[in-house]
Each structure stands twice: as structure tokens, then as C-alpha cells.
Amino acid sequence: IRDSHKVLFFTEEVQVAVDGFQYTCPEIEHHFLSHFHGDHYCGISKAWFNIHPTSKIYCSEITRDLTIYKFNIHEIELQERIISIPLGEYVFLQQNLRVLFFDANHCPGAILMHFEYGQQIENDTSETDSQGKITFVPEMKYLHTGDFRFDLEAMSDLLEHEYDKVYLDTTFLNYRYKFPNKNQLVESLSVFVNKNIIEKFKSKETYQNQKTLDFFLLRNLSRNNAHNKLKVCILVGAYNIGKENLIIGLCEKLGNCTLVIDDNTLRSQVDLQYEHCIRTNDYAETIVQVLQPADEVSSTTTTSSSNDIVVCIVPTRDLGSITTKEMKDKYCRKGSHRFPNLQVVSIIPSGWNYTSRWSNGDDKNVEAFKPFDQSSCEQVLAHYMGIPFPFDIDSLQNVSRQKMIKFDAKYNVTTIKIPYSDHSSFLNLCEFGVYVRWKEMIPTVNLHQDEAYFAYWFDLWRMNQDNKNHARKQEPIENS
């Protein structure tokens, strides 16, 4: 049994599969892997190639490298069946089918897949031409988004097409999920860390240094001051790959501080294009090396960034399912002994962390599943897309029921649950549905929802397609 959104049907003879490796489809030659998250590559193994002896896997170069690495595919004949396609270049899969990849703004290597089925037509030649020019005339255009975060400016090429079918990532197709964009969040996080961690404890540090000015410590004053200086270790939860844009943005905002990643994760196989990045097998030791005073920095530390703040990408489960003491012991046990004023900030990013019920937005006016005309359609989208969305981390402290921010004075740990996702928010999806031209929309996530639920929002977007002036009056809602 195949899910309808996994197999894209053009004709009886022409079909492609997207992220459908758990299904046995030996008759389908062209398989696509949108990105390297487990729920999308599940089913791939060396045995898969035996079951599908003529099939090929198409993906981005990063995803190809990760696939070969993850599944230990060393055989040249198998590697040749994993084909990377550059972004922005049409590639013919067969004479009447071609594909084009766009960046999906999700995780490294994630792609949007633009398919065109049609005919190749030879133009009339002039007497001076020895060969006629071949023109491809599309008859059907499909777009499969995989997982994506829509960015109207970065993905403006999509506006040049009208799609017969769009297979849409509907993870957050719910008006409650109106989280801020990456730039807003990075700015708010940096302000929060500076205001509530650095500035707050700098005043405490000054007071403590004055108290230690006695004769016994005077001889070692400079050394003690160096090690008593405020140090900040920021632990950010993430999966094996993903959220790098957010985390590197935070590092840059905090003065290009050092980023530490696990050398045993998939992330270590990707060039993150960040100069101050260290790979490690021992977080606790590396954190000490990064934070130690400049005159004691080891020659093995290959970064020249600030040594007062370090950011580490760690498994999300280590921040959400173990105690504060266990988490600090695992990552900062050595640093806590070396630096008495070490402050730890634990950041848990997820789109599920925040909804408009906790923001300034009013979401009580939607009358779901009731008939609407063009006028009411515009009013609904104007309401949800037009509400200003100011955001700062301090506002999360008002959500005490959800414990979005927790201060643990005993262990000097601050835990923040931030509203961020590499999937499109509700506002992103509304922008996509209104600006991109399409005829049929097919959801790919949360398929347990009633079909009427999806149809409600899809119909709203479709009715606004005929009145672009309404949408164009508004500036882009989010640029991720």
C-alpha cells in the first residue's frame, strides 16, 4: 500500500516516488530523497538496492554524501545509483520528464522538487542551421515540498510557475502556530543572554572580586580574577542535522563565539561554513579548553573567537528528559570546577513550544468549516496574516503554566523553550498558498486530520489567488 503523497502519478508509465523507501516499488525507476531526516530516508539500506535493481535515488549533494556515510555504501555500483542534482538546473529523467531542485530552507541538503511532464518539440531550422533547437513544452507541473520553511523572497522563482499539483508540508497548518522568524529569534536570544545572564552576573562578579582583595589571595589576584570571570556555556538541543542556521546566527550575534559539535553525528559530515567550529568526542574537556583564559589556550584549540562564551549543539533529549544536575554534570562537570562563575543556558527550540494563544494575536474569530464568500475569505486571512507579531524572549516568562523559562539558581542553569522550527509556520503556509499559483493542493503531514480541515484553508488560499491585490498590500510576513 502506498501513500498517495509518496508516489507522483503523471501517466500509467511515468511515475516517481518521493521519500517512499519503506514501500516496495520495484516498478518505479526514479526515487527522490528530499532531505536526510529519519522519517524521510527510512527504508533505505543496501538491501533496498537489491529489491529495486533498476531504481535510482536522486537528491542533493549533501544528502548523497550523508546517505553513503550513514549506510556504509562503499560499492561503486551502488554509489552510482545515488545521483546528486545541483540546485537550479533542469535534469531530464527521461525524454518527457524533467526535474528542478530548489533550496527548501529546512536543513542542510533539503530540497523542493519541481517536476515537469511534457513533450520535446524540434523547432523549424533555417537554411544555415545544421541542427534544430529542441524545446521542452510542459503539460503538467508538480511541486513536492518535502519538509520546508517558505521564504517568499528566497523562493521567488516558484512564483514563475503554475502548478497542477502541490504536495505540501502541512506540519504547522494550524493558526495557533505563529512563531517568529529566525532573525527575530536570534536578536531576542542575544538580547536575553546579554541582559539576564551576562550583565546580571557581571555586577555580581565585580562584588565578589572586591571581597577577595585580602592579603592571602593578593599574590594570585590576576590568576584568580581570570578564572572567576563570568563564563557562559549555551547548550542548544537539535537532532542529528538541522537548525544550524539558527544556531550559527546566534553564535555570530554573540561575537562569533565558538561552536562545538559532536564528531560522531551526521552534522560533523557537513561543512557548516562557520569559521569558529570545533568537532569533539568529549564535550566536557572541549568546553574547558574553549573557555580558559587566552594565555592558557591550548595549541589544539583551532579557534580565535571570544573565549567567554561557548555554544554547543547537543541532543534534544539531553535537555528535555534528564534533570538539570544530570545535564550539567554531563557537559559542564569540568568547567564548573574550573570556572566558579560558569553560567549554563539550555535552549530547546521547537515549533510546538509556542502558539498564538500565548502571543498578542487574537485567534477567537475564526468560524471554521462554515461557508464563506470572497469577502469573508479575505477578512479571515487579513486577520491572521495582518496581526503584528512583536516577540521577545522575556514575554515567555508570562507563560508560567508552560514553564517556557526556568531559572535554577542552585546549579546556575537557565532553561529556555523557544518557538522555532525549520518547518513552515502557519503564516509561512498562508503566504505560500496565496502567492504561489496552484490548482490542487495535497497535504503530506498530519493526515489524521479530517479532509474538511485541509479543504477549509486550501479554499481560503484559492479564493485569494483571484485577488492578489489584497495579498500584495501586505509586506512579506516572515523571512526565515
*Could you walk me through whether Ile57 and Ile44 pass the side-chain contact (heavy atoms from CB on, under 4.5 Å) check?*
CA-CA 10 Å; Ile57 297 176; Ile44 294 180; 4.2 Å; yes

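- Under the 30°/60° scheme for interplanar angles, the aromatic rings of His40 and His35 are found to be tilted.
- Contact detail for Pro443 and Thr170: the closest heavy-atom pair is CB-OG1, 3.7 Å.
- Note that the CG atom of Asn428 and the CG atom of Asn105 stand 8.5 Å from one another [nearest 0.5 Å].
- Between Leu254 and Asn194, the closest side-chain pair of non-hydrogen atoms falls below 4.5 Å.
- Taking the ring centre of Tyr411 as origin, the terminal cationic atom of Lys328 falls outside the region bounded by 6.0 Å and 45° from the ring axis.
- Judged by distance alone, with hydrogens and angles left aside, the side-chain atoms of Ser421 form no donor-acceptor pair with the main-chain N or O of Trp352 at under 3.5 Å.
- Rounded to the nearest 0.5 angstrom, Asp147 CG and Asp19 CG are separated by 8.0 Å.
- A ring-ring contact (aromatic ring centres under 6.0 Å, His included) with Tyr41 is found for exactly one of Phe21, Trp48, Phe71, namely Phe71.
- Counting heavy-atom neighbours within 6.0 Å of Lys334 NZ, excluding the residue itself, gives a total above 12.
- Neither side chain, Tyr453 nor Asn446, offers a donor N or O lying under 3.5 Å from an acceptor on the other.
- Using cut-offs of 30° and 60° for the angle between ring planes, the Phe458 and Trp461 rings count as tilted.
- Two residues are said to be in side-chain contact when any heavy atoms from C-beta on lie closer than 4.5 Å; Tyr274 and Cys251 meet this criterion.
- Considering only heavy atoms from C-beta on, Lys70 stays 4.5 Å or farther from Gln269 through its side chain.
- Here the two rings, on Phe432 and Phe148, have centers that are under 6.0 Å apart.
- Between Phe115 and Phe32, the gap from one ring centroid to the other is short of 6.0 Å.
- Remark: the backbone N or O of Arg279 is not paired with any side-chain donor or acceptor of Asp263 at under 3.5 angstrom.
- Ser34 places a side-chain heavy atom less than 4.5 Å from the side chain of Met113.
- Here Tyr435 and Phe150 keep their ring centres 6.0 angstrom or further from each other.
- A donor-acceptor contact shorter than 3.5 Å is absent between the side chain of His31 and the backbone of Gly20.
- Within the 4.5 Å cutoff, no side-chain heavy atoms of Ile198 are placed close to those of Asp308.
- In this structure, a donor-acceptor pair under 3.5 Å is present between the side chains of Tyr420 and Asp422.
- Applying the 6.0 Å contact sphere to NZ of Lys46 captures more than 12 heavy atoms from other residues, nucleotides or ligands.
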*Between Asp169 and Tyr167, is a side chain to side chain donor-acceptor pair (under 3.5 Å) present by the stated rule, with each step listed?*
CA-CA 7 Å; Asp169 169 16; Tyr167 296 79; over 6 Å; no

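- A pairwise comparison of heavy atoms in Ile73 and Thr67 identifies CD1-O, 4.1 Å as the closest pair.
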*asked:* Using side-chain contact (heavy atoms from CB on, under 4.5 Å), reason through Val186 and Leu246 one step at a time and then give a plain yes or no.
replied: CA-CA 7 Å; Val186 166; Leu246 170 74; 3.9 Å; yes

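- Expressed to the nearest 0.5 Å, how far CG of Asn183 lies from OG of Ser188 amounts to 10.5 Å.
- Heavy atoms only, all atoms of each residue included: Leu112 and Leu143 are closest at CB-CD1, 4.3 Å.
- Put simply, the side chain of Arg338 never gets that close to the backbone of Val288: no donor and acceptor are under 3.5 Å apart.
- Counting heavy-atom neighbours within 6.0 Å of Glu61 CD, excluding the residue itself, gives a total of 12 or less.
- With Arg267 contributing its side chain and Tyr239 its backbone, the two residues share a donor-acceptor pair below 3.5 Å.
- Applying the side chain to side chain contact (heavy atoms under 4.5 Å, CB included) test to Arg64 and every residue at least two apart in sequence or in another chain returns Cys59, Ile68, Gln79, Ile82, Ser84.
- With hydrogens and angles ignored, the 3.5 Å screen pairs no side-chain donor or acceptor of Asp329 with any backbone N or O of Glu326.
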*asked:* Run Asp408 and Thr415 through side-chain contact (heavy atoms from CB on, under 4.5 Å) and show every step you take.
replied: CA-CA 8 Å; Asp408 191 327; Thr415 301; over 6 Å; no

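- The shortest distance between side-chain heavy atoms of Thr414 and Phe192 falls below 4.5 Å.
- Contact check for Leu189 versus Ile234: no side-chain heavy atoms found under the 4.5 Å cut-off.
- Contact record, Val270 with Pro108: CG1-CB, 4.0 Å, taken as the closest heavy-atom pair.
- Checked against Asn264 for a side chain to side chain donor-acceptor pair (under 3.5 Å), the options Asn281, Thr280, Asn240 give a single hit: Asn281.
- To the nearest 0.5 angstrom, Phe36 atom CZ is 6.0 Å from Leu66 atom CG.
- One finds the OG1 atom of Thr286 at 11.5 Å from the CD1 atom of Ile261 (value rounded to the nearest 0.5 Å).
- Tyr58 places a side-chain heavy atom less than 4.5 Å from the side chain of His30.
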*Going through the checks in order, is the side-chain contact (heavy atoms from CB on, under 4.5 Å) test met by Thr444 and His144?*
CA-CA 9 Å; Thr444 64; His144 199 298; 4.3 Å; yes

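- For the pair Leu429 and Ser424, the tightest heavy-atom approach, listed with the atom from each and the gap, is CD2-CB, 3.7 Å.
- Residues Ser346 and Met327 come closest through the heavy atom pair CB-CE, 4.0 Å.
- Ring orientation note: the planes of Tyr177 and Phe172 are tilted relative to one another, at an angle of 30° to 60°.
- Ring pair His37/His106 is perpendicular by interplanar angle, where above 60° counts as perpendicular and below 30° as parallel.
- To the nearest 0.5 Å, the span separating CD on Glu275 from CG on Asn256 amounts to 7.5 Å.
- At distances below 3.5 Å, not a single donor-acceptor pair connects side-chain atoms of Ser336 with backbone N or O atoms of Arg333.
- Panel note: side chain Tyr283, backbone Cys332; no donor-acceptor pair is recorded below 3.5 Å.
- Side-chain atoms of Lys231 never come within 3.5 Å of backbone atoms of Phe339 as a donor-acceptor pair (strictly under, hydrogens ignored).
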